[in-house]
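Keep in mind that this is a model prediction, so the values were computed, not measured. Both backbone and side-chain heavy atoms feed into the values below; hydrogens, waters and symmetry mates do not.
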Amino acid sequence: MLLTDGFQKRLRSTRKALGLSMRDLARRCNISQPTITMHELGRSYPDLPGCEKYATALGVNVCWLAYGKGRKQSIAPSAPPTISQQGVSP
């Protein structure tokens, strides 16, 4: 999956806006804290399931998080639409 420039900024700014530490987000996503650090620094990018985990944990639209497209807020914060449901192909 090719994430757009700005993924790392959207990830970090949303996490901080929610008052979550990287550790908190790691626990919510079942992703290691060093992996989150790498994603926020743009040194690596998550695969599709990882991006969906972030979107779910942060209550944002996965397409917005991954590509900067669409509404930021998900329709249902506990279950944001997947990229395939949004009609965007990875």
Side-chain angles (χ1 to χ4, degrees):
M1 172 166 75
L2 297 174
L3 301 178
T4 62
D5 289 337
F7 165 78
Q8 62 271 24
K9 185 176 180 180
R10 289 186 296 277
L11 177 63
R12 183 177 182 171
S13 65
T14 304
R15 175 184 60 78
K16 286 186 167 196
L18 293 172
L20 298 173
S21 67
M22 284 187 191
R23 183 181 211 162
D24 296 331
L25 184 57
R27 286 181 181 153
R28 285 184 178 200
C29 296
N30 196 27
I31 295 174
S32 73
Q33 187 174 339
T35 298
I36 292 173
T37 300
M38 296 297 280
H39 293 164
E40 285 193 359
L41 293 175
R43 294 188 181 152
S44 69
Y45 293 94
D47 57 10
L48 179 58
C51 197
E52 289 177 338
K53 284 181 183 182
Y54 282 136
T56 298
L58 297 170
V60 297
N61 180 311
V62 69
C63 288
W64 175 82
L65 183 62
Y67 305 111
K69 305 270 186 199
R71 298 181 336 182
K72 178 179 180 179
Q73 292 304 105
S74 66
I75 296 167
S78 61
T82 64
I83 287 175
S84 59
Q85 291 170 332
Q86 291 282 323
V88 176
S89 56

Measuring from atom [atom1] of [X] to atom [atom2] of [Y], what distance do you get when rounded to the nearest 0.5 angstrom?
{"X": "Leu48", "Y": "Lys53", "atom1": "CG", "atom2": "NZ", "value": "11.5 Å"}
{"X": "Ile36", "Y": "Ile31", "atom1": "CD1", "atom2": "CD1", "value": "5.5 Å"}
{"X": "Arg10", "Y": "Asn61", "atom1": "CZ", "atom2": "CG", "value": "11.0 Å"}
{"X": "Leu25", "Y": "Asn30", "atom1": "CG", "atom2": "CG", "value": "11.5 Å"}

The test is side chain to side chain contact (heavy atoms under 4.5 Å, CB included); show your working for Leu11 and Leu58 and say whether it passes. CA-CA 9 Å; Leu11 177 63; Leu58 297 170; 3.8 Å; yes

Check side-chain contact (heavy atoms from CB on, under 4.5 Å) between [X] and all other residues, then give those that pass, not counting sequence neighbours.
{"X": "Arg12", "value": "Arg15, Lys16, Glu40"}
{"X": "Arg28", "value": "Leu20, Ala57"}
{"X": "Ser32", "value": "Pro34, Thr35"}

Give me the atom names and distance for the closest heavy-atom approach of Ala55 to Leu65.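 Closest pair (atom of Ala55, atom of Leu65, distance): N-CD2, 3.7 Å.
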
So, for Ala66 and Phe7, which heavy atoms are closest and what is the spacing to 0.1 Å?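 In this case the closest contact between Ala66 and Phe7 is CA-CD1, 4.1 Å.
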
Among all residues two or more places apart in sequence or in another chain, which pass the side-chain hydrogen bond (donor to acceptor under 3.5 Å, both in side chains) test with Ser21?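 Expected list: Asp24.
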
Mind checking what makes side-chain hydrogen bond (donor to acceptor under 3.5 Å, both in side chains) contact with Thr37, not counting sequence neighbours?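 Partners of Thr37 under the side-chain hydrogen bond (donor to acceptor under 3.5 Å, both in side chains) test: none.
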
Listed once per pair and sorted, the ring pair (Phe, Tyr, Trp, His ring centres under 6.0 Å) pairs that draw on residues 11-43, sequence neighbours left out: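 Counting only pairs at least two positions apart or across chains, the ring pair (Phe, Tyr, Trp, His ring centres under 6.0 Å) contacts touching residues 11-43 are His39-Tyr54.
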
Given the rule in the side chain to side chain contact (heavy atoms under 4.5 Å, CB included) test, do Tyr45 and Gln8 qualify, once you have shown the distances and angles that lead to the verdict? CA-CA 8 Å; Tyr45 293 94; Gln8 62 271 24; 3.6 Å; yes

